[in-house]
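For reference, the structure discussed in these notes is given below.
The structure displayed is predicted, hence computed values, not measured ones. Because only heavy atoms are used, hydrogens play no part in the values below, and waters and symmetry mates are left out as well, while side chains stay in.
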Amino acid sequence: MPRFFVETIDEENIMLTGSDAHHAGFSLRMKAGEALTVCCDGIDYNCVIRSITGDAVYLDLVEKHRCAAEPNIEVTLFQAVPKLDKLEFIIRKSVELGAARIVPVLTRRCISRPDKKDFAKKLVRLNKIAEEAAKQSGRGIIPTVEPIASYQEALGMMKQLDLNIILYEEKGGVPFDKVGFEGAKTVGLVIGSEGGFDKEEVEAAAELGAVQVWLGNRILRCETAPITALSILMFLTNNM
(Lines give C-alpha, C1' and ligand atoms only; values in the text may rest on other atoms or scores of the structure.)
Protein backbone atom coordinates (compact mmCIF):
# COMPACT_ATOMS: atom_id res chain seq x y z
CA MET A 1 0.00 0.00 0.00
CA PRO A 2 1.46 3.44 -0.89
CA ARG A 3 2.69 5.45 2.11
CA PHE A 4 2.80 9.23 2.46
CA PHE A 5 4.23 11.28 5.31
CA VAL A 6 2.74 14.50 6.70
CA GLU A 7 3.87 16.70 9.58
CA THR A 8 0.35 17.39 10.93
CA ILE A 9 -3.01 15.76 10.32
CA ASP A 10 -6.70 16.64 10.75
CA GLU A 11 -8.53 13.34 11.14
CA GLU A 12 -11.78 14.96 10.00
CA ASN A 13 -10.25 16.28 6.81
CA ILE A 14 -7.25 14.18 5.70
CA MET A 15 -5.76 15.20 2.38
CA LEU A 16 -2.59 15.12 0.33
CA THR A 17 -1.37 18.27 -1.37
CA GLY A 18 1.62 19.41 -3.41
CA SER A 19 4.06 16.80 -4.65
CA ASP A 20 2.34 14.03 -2.67
CA ALA A 21 -0.97 14.72 -4.41
CA HIS A 22 0.76 14.76 -7.78
CA HIS A 23 2.55 11.50 -7.01
CA ALA A 24 -0.68 9.74 -5.96
CA GLY A 25 -2.88 11.10 -8.72
CA PHE A 26 -0.51 11.21 -11.67
CA SER A 27 2.59 9.07 -11.03
CA LEU A 28 0.71 6.21 -9.33
CA ARG A 29 -2.53 6.88 -11.25
CA MET A 30 -4.59 6.17 -8.15
CA LYS A 31 -8.36 6.54 -8.29
CA ALA A 32 -11.28 7.10 -5.93
CA GLY A 33 -11.90 4.04 -3.75
CA GLU A 34 -8.26 2.93 -3.66
CA ALA A 35 -6.41 2.61 -0.35
CA LEU A 36 -3.27 4.33 0.91
CA THR A 37 -1.58 5.07 4.23
CA VAL A 38 -0.79 8.49 5.63
CA CYS A 39 1.87 8.51 8.35
CA CYS A 40 2.18 11.21 11.00
CA ASP A 41 4.36 11.09 14.10
CA GLY A 42 4.56 7.29 14.20
CA ILE A 43 0.83 6.73 13.61
CA ASP A 44 -0.50 5.01 10.48
CA TYR A 45 -3.78 6.36 9.12
CA ASN A 46 -5.24 3.83 6.67
CA CYS A 47 -7.47 5.69 4.24
CA VAL A 48 -9.39 5.37 1.01
CA ILE A 49 -9.45 8.05 -1.66
CA ARG A 50 -12.71 10.00 -1.72
CA SER A 51 -11.85 12.26 -4.64
CA ILE A 52 -8.93 13.70 -6.59
CA THR A 53 -8.64 17.23 -7.95
CA GLY A 54 -5.83 18.97 -9.79
CA ASP A 55 -4.04 19.95 -6.60
CA ALA A 56 -5.29 17.69 -3.80
CA VAL A 57 -6.27 14.13 -2.92
CA TYR A 58 -9.15 13.94 -0.41
CA LEU A 59 -9.24 10.91 1.88
CA ASP A 60 -11.62 9.10 4.21
CA LEU A 61 -10.13 7.57 7.36
CA VAL A 62 -10.73 3.83 7.75
CA GLU A 63 -8.58 3.11 10.82
CA LYS A 64 -5.53 4.34 12.66
CA HIS A 65 -2.89 2.56 14.75
CA ARG A 66 0.67 2.93 15.95
CA CYS A 67 3.05 1.98 13.18
CA ALA A 68 4.15 -1.60 13.88
CA ALA A 69 7.49 -0.96 12.17
CA GLU A 70 8.53 1.75 14.66
CA PRO A 71 10.84 0.60 17.48
CA ASN A 72 9.99 1.50 21.06
CA ILE A 73 13.56 2.73 21.45
CA GLU A 74 14.96 5.81 19.67
CA VAL A 75 18.41 5.11 18.22
CA THR A 76 20.77 7.81 17.02
CA LEU A 77 23.55 6.51 14.80
CA PHE A 78 26.72 8.56 15.18
CA GLN A 79 28.56 7.48 12.04
CA ALA A 80 32.13 8.62 11.46
CA VAL A 81 32.16 9.97 7.91
CA PRO A 82 33.15 7.39 5.28
CA LYS A 83 33.28 7.94 1.53
CA LEU A 84 29.98 9.30 0.22
CA ASP A 85 28.78 6.14 -1.52
CA LYS A 86 29.30 4.19 1.70
CA LEU A 87 27.45 6.83 3.72
CA GLU A 88 24.45 6.64 1.38
CA PHE A 89 24.39 2.85 1.81
CA ILE A 90 24.64 3.18 5.60
CA ILE A 91 21.79 5.70 5.72
CA ARG A 92 19.49 3.52 3.63
CA LYS A 93 20.12 0.35 5.64
CA SER A 94 20.07 2.10 9.01
CA VAL A 95 16.64 3.54 8.27
CA GLU A 96 15.40 0.11 7.20
CA LEU A 97 16.68 -1.32 10.48
CA GLY A 98 14.99 1.27 12.68
CA ALA A 99 17.42 4.15 13.34
CA ALA A 100 15.63 7.40 14.18
CA ARG A 101 18.50 9.79 13.42
CA ILE A 102 21.84 9.63 11.63
CA VAL A 103 24.59 12.06 12.63
CA PRO A 104 27.68 12.04 10.36
CA VAL A 105 30.72 12.74 12.56
CA LEU A 106 34.17 13.93 11.56
CA THR A 107 36.70 11.94 13.61
CA ARG A 108 40.50 12.00 13.55
CA ARG A 109 40.89 8.96 11.31
CA CYS A 110 38.23 9.80 8.73
CA ILE A 111 39.69 9.42 5.25
CA SER A 112 36.91 11.51 3.72
CA ARG A 113 37.04 15.00 5.27
CA PRO A 114 34.36 17.25 3.73
CA ASP A 115 33.90 20.67 5.28
CA LYS A 116 30.53 21.63 6.69
CA LYS A 117 29.57 23.88 3.77
CA ASP A 118 30.30 21.21 1.17
CA PHE A 119 28.51 18.56 3.20
CA ALA A 120 25.46 20.80 3.69
CA LYS A 121 24.94 20.74 -0.09
CA LYS A 122 24.59 16.94 0.06
CA LEU A 123 22.06 16.91 2.92
CA VAL A 124 19.01 17.25 0.67
CA ARG A 125 19.99 14.11 -1.24
CA LEU A 126 20.90 12.20 1.94
CA ASN A 127 17.58 13.03 3.57
CA LYS A 128 15.79 12.03 0.36
CA ILE A 129 17.50 8.64 0.62
CA ALA A 130 16.27 8.37 4.22
CA GLU A 131 12.73 9.22 3.11
CA GLU A 132 12.76 6.64 0.33
CA ALA A 133 14.05 3.98 2.73
CA ALA A 134 11.37 4.91 5.29
CA LYS A 135 8.60 4.48 2.73
CA GLN A 136 10.05 1.21 1.41
CA SER A 137 10.42 -0.32 4.87
CA GLY A 138 7.04 0.80 6.24
CA ARG A 139 8.37 3.20 8.86
CA GLY A 140 6.03 5.55 10.71
CA ILE A 141 8.50 8.45 10.68
CA ILE A 142 11.14 9.78 8.33
CA PRO A 143 14.48 9.55 10.16
CA THR A 144 16.64 12.63 9.80
CA VAL A 145 20.20 12.95 8.54
CA GLU A 146 21.82 15.77 10.51
CA PRO A 147 24.53 18.19 9.37
CA ILE A 148 28.07 16.96 9.81
CA ALA A 149 29.31 17.27 13.41
CA SER A 150 32.71 17.41 15.01
CA TYR A 151 33.51 14.68 17.51
CA GLN A 152 33.16 17.19 20.34
CA GLU A 153 29.73 18.19 19.05
CA ALA A 154 28.76 14.53 18.87
CA LEU A 155 29.86 14.04 22.48
CA GLY A 156 27.57 16.91 23.44
CA MET A 157 24.64 15.20 21.72
CA MET A 158 25.48 11.91 23.41
CA LYS A 159 25.13 13.58 26.83
CA GLN A 160 21.42 14.04 26.14
CA LEU A 161 20.78 10.31 25.60
CA ASP A 162 19.96 7.60 28.12
CA LEU A 163 22.61 5.17 26.89
CA ASN A 164 25.54 5.26 24.45
CA ILE A 165 27.40 2.38 22.84
CA ILE A 166 30.71 2.74 21.01
CA LEU A 167 32.11 -0.03 18.81
CA TYR A 168 35.86 -0.46 19.09
CA GLU A 169 37.91 -3.09 17.34
CA GLU A 170 40.41 -3.49 20.19
CA LYS A 171 39.69 -6.05 22.89
CA GLY A 172 38.42 -4.87 26.24
CA GLY A 173 34.82 -4.15 25.44
CA VAL A 174 31.82 -6.18 26.52
CA PRO A 175 29.75 -8.45 24.26
CA PHE A 176 26.60 -6.79 22.94
CA ASP A 177 24.35 -9.04 25.00
CA LYS A 178 25.97 -7.74 28.20
CA VAL A 179 24.85 -4.14 27.55
CA GLY A 180 22.05 -3.19 29.93
CA PHE A 181 19.20 -1.63 27.95
CA GLU A 182 16.73 -1.59 30.86
CA GLY A 183 14.99 1.79 31.10
CA ALA A 184 16.78 3.27 28.09
CA LYS A 185 14.44 5.08 25.69
CA THR A 186 17.14 6.91 23.73
CA VAL A 187 20.35 5.18 22.64
CA GLY A 188 23.40 6.44 20.78
CA LEU A 189 25.36 4.02 18.61
CA VAL A 190 28.84 5.29 17.76
CA ILE A 191 30.58 3.72 14.74
CA GLY A 192 33.99 4.50 13.26
CA SER A 193 34.98 5.16 9.66
CA GLU A 194 37.41 3.19 7.51
CA GLY A 195 40.24 4.11 9.93
CA GLY A 196 38.31 3.36 13.12
CA PHE A 197 38.70 5.43 16.29
CA ASP A 198 41.85 6.43 18.08
CA LYS A 199 42.23 5.57 21.75
CA GLU A 200 41.60 9.12 23.00
CA GLU A 201 38.25 9.30 21.21
CA VAL A 202 37.14 6.04 22.80
CA GLU A 203 38.28 7.28 26.21
CA ALA A 204 36.35 10.54 25.75
CA ALA A 205 33.17 8.57 25.04
CA ALA A 206 33.83 6.29 28.01
CA GLU A 207 34.12 9.33 30.30
CA LEU A 208 30.51 10.12 29.38
CA GLY A 209 29.49 6.62 30.38
CA ALA A 210 29.44 5.10 26.88
CA VAL A 211 29.67 1.31 26.89
CA GLN A 212 32.53 -0.05 24.78
CA VAL A 213 31.33 -3.03 22.75
CA TRP A 214 33.52 -5.54 20.95
CA LEU A 215 31.92 -7.51 18.13
CA GLY A 216 34.52 -10.26 17.94
CA ASN A 217 37.76 -11.21 16.22
CA ARG A 218 36.64 -10.29 12.70
CA ILE A 219 37.14 -6.61 11.90
CA LEU A 220 34.07 -5.36 10.04
CA ARG A 221 34.06 -2.78 7.28
CA CYS A 222 32.66 0.62 8.25
CA GLU A 223 29.51 0.00 6.18
CA THR A 224 29.02 -3.48 7.70
CA ALA A 225 29.46 -2.49 11.35
CA PRO A 226 26.37 -0.25 11.71
CA ILE A 227 24.14 -2.81 10.00
CA THR A 228 25.42 -5.55 12.29
CA ALA A 229 25.19 -3.42 15.42
CA LEU A 230 21.69 -2.11 14.67
CA SER A 231 20.44 -5.61 13.91
CA ILE A 232 21.79 -6.93 17.21
CA LEU A 233 20.48 -3.92 19.16
CA MET A 234 16.97 -4.27 17.72
CA PHE A 235 16.99 -8.01 18.44
CA LEU A 236 18.14 -7.54 22.04
CA THR A 237 15.45 -4.89 22.67
CA ASN A 238 12.67 -6.99 21.04
CA ASN A 239 12.31 -4.55 18.15
CA MET A 240 12.79 -6.87 15.19
Side-chain angles (χ1 to χ4, degrees), residues 1-21 23-24 28 30 34-50 56-79 90-104 123-147 157-158 160-165 179 181-191 226-227 229-240:
M1 186 183 301
R3 300 177 71 82
F4 297 86
F5 290 89
V6 296
E7 293 184 1
T8 60
I9 197 163
D10 177 0
E11 294 183 19
E12 302 300 322
N13 186 32
I14 302 177
M15 67 174 71
L16 300 176
T17 59
S19 60
D20 284 340
H23 184 63
L28 297 180
M30 299 190 76
E34 293 188 310
L36 57 78
T37 300
V38 179
C39 306
C40 182
D41 197 25
I43 304 297
D44 283 355
Y45 296 83
N46 294 334
C47 304
V48 294
I49 298 174
R50 183 194 322 139
V57 176
Y58 297 92
L59 306 168
D60 290 324
L61 177 62
V62 176
E63 63 173 357
K64 69 175 184 178
H65 53 83
R66 184 183 181 278
C67 178
E70 278 308 305
N72 60 19
I73 190 168
E74 183 181 300
V75 179
T76 297
L77 173 63
F78 294 97
Q79 175 63 56
I90 290 168
I91 290 169
R92 189 178 303 278
K93 299 306 176 185
S94 298
V95 170
E96 290 178 19
L97 288 166
R101 181 171 63 147
I102 298 97
V103 180
L123 270 181
V124 172
R125 170 174 168 75
L126 295 177
N127 276 288
K128 184 64 176 177
I129 289 171
E131 180 180 356
E132 291 171 353
K135 290 179 178 178
Q136 178 272 318
S137 57
R139 296 287 300 272
I141 64 167
I142 301 175
T144 57
V145 182
E146 302 288 341
M157 297 178 200
M158 290 164 61
Q160 309 304 314
L161 305 179
D162 297 332
L163 172 68
N164 289 285
I165 297 166
V179 176
F181 291 99
E182 295 80 6
K185 298 297 183 182
T186 57
V187 176
L189 186 59
V190 191
I191 311 286
I227 296 171
L230 274 168
S231 298
I232 296 172
L233 189 157
M234 291 300 172
F235 175 78
L236 291 175
T237 58
N238 297 313
N239 279 297
M240 292 301 291

field: Arg125 atom CZ, neighbour heavy-atom count above 12 within 6.0 Å
entry: no

query: What heavy-atom pair brings Asp60 and Arg50 nearest, and what distance separates the two atoms?
result: OD1-NE, 2.9 Å

pair Met15-Asn13: side-chain heavy atoms closer than 4.5 Å: yes

- prompt: Do Lys135 and Glu132 meet the salt-bridge criterion of a basic N to acidic O distance under 4.0 Å?
  reply: no

message: On a heavy-atom basis, which atom in Leu16 and which in Ala24 lie closest, and how many Å separate them?
response: CD1-CB, 4.4 Å

- request: Quickly, which of Arg139, Arg3, Lys64 forms a side-chain hydrogen bond (donor to acceptor under 3.5 Å, both in side chains) with Asp44? Name it, please.
  value: Arg3

- request: Of all the heavy-atom pairs spanning Leu97 and Met234, show the shortest one and how long it is.
  value: O-CG, 3.4 Å

- prompt: Partners of Gln160 by side chain to side chain donor-acceptor pair (under 3.5 Å), sequence neighbours excluded?
  reply: none

message: Here's a test for you: under side-chain contact (heavy atoms from CB on, under 4.5 Å), which of Leu28, Asp20, Thr37 qualifies with Pro2?
response: Leu28

statement: Taken in chain and number order and not counting sequence neighbours, the residues that satisfy side chain to side chain donor-acceptor pair (under 3.5 Å) with Arg101 are Thr76

CG/Asp41: more than 12 non-hydrogen atoms of other groups inside 6.0 Å: no

- prompt: With a cut-off of 6.0 Å (strictly less than), are more than 12 heavy atoms of other residues, nucleotides or ligands near CD of Glu74?
  reply: no

- prompt: So, for Leu126 and Val145, which heavy atoms are closest and what is the spacing to 0.1 Å?
  reply: O-CG2, 3.8 Å

- prompt: Which atoms form the tightest heavy-atom contact between Ile14 and Cys47, and what is the distance?
  reply: CD1-SG, 4.0 Å

statement: When every non-hydrogen atom of Ser137 is compared with those of Ala69, the smallest separation belongs to O-CB, 4.2 Å

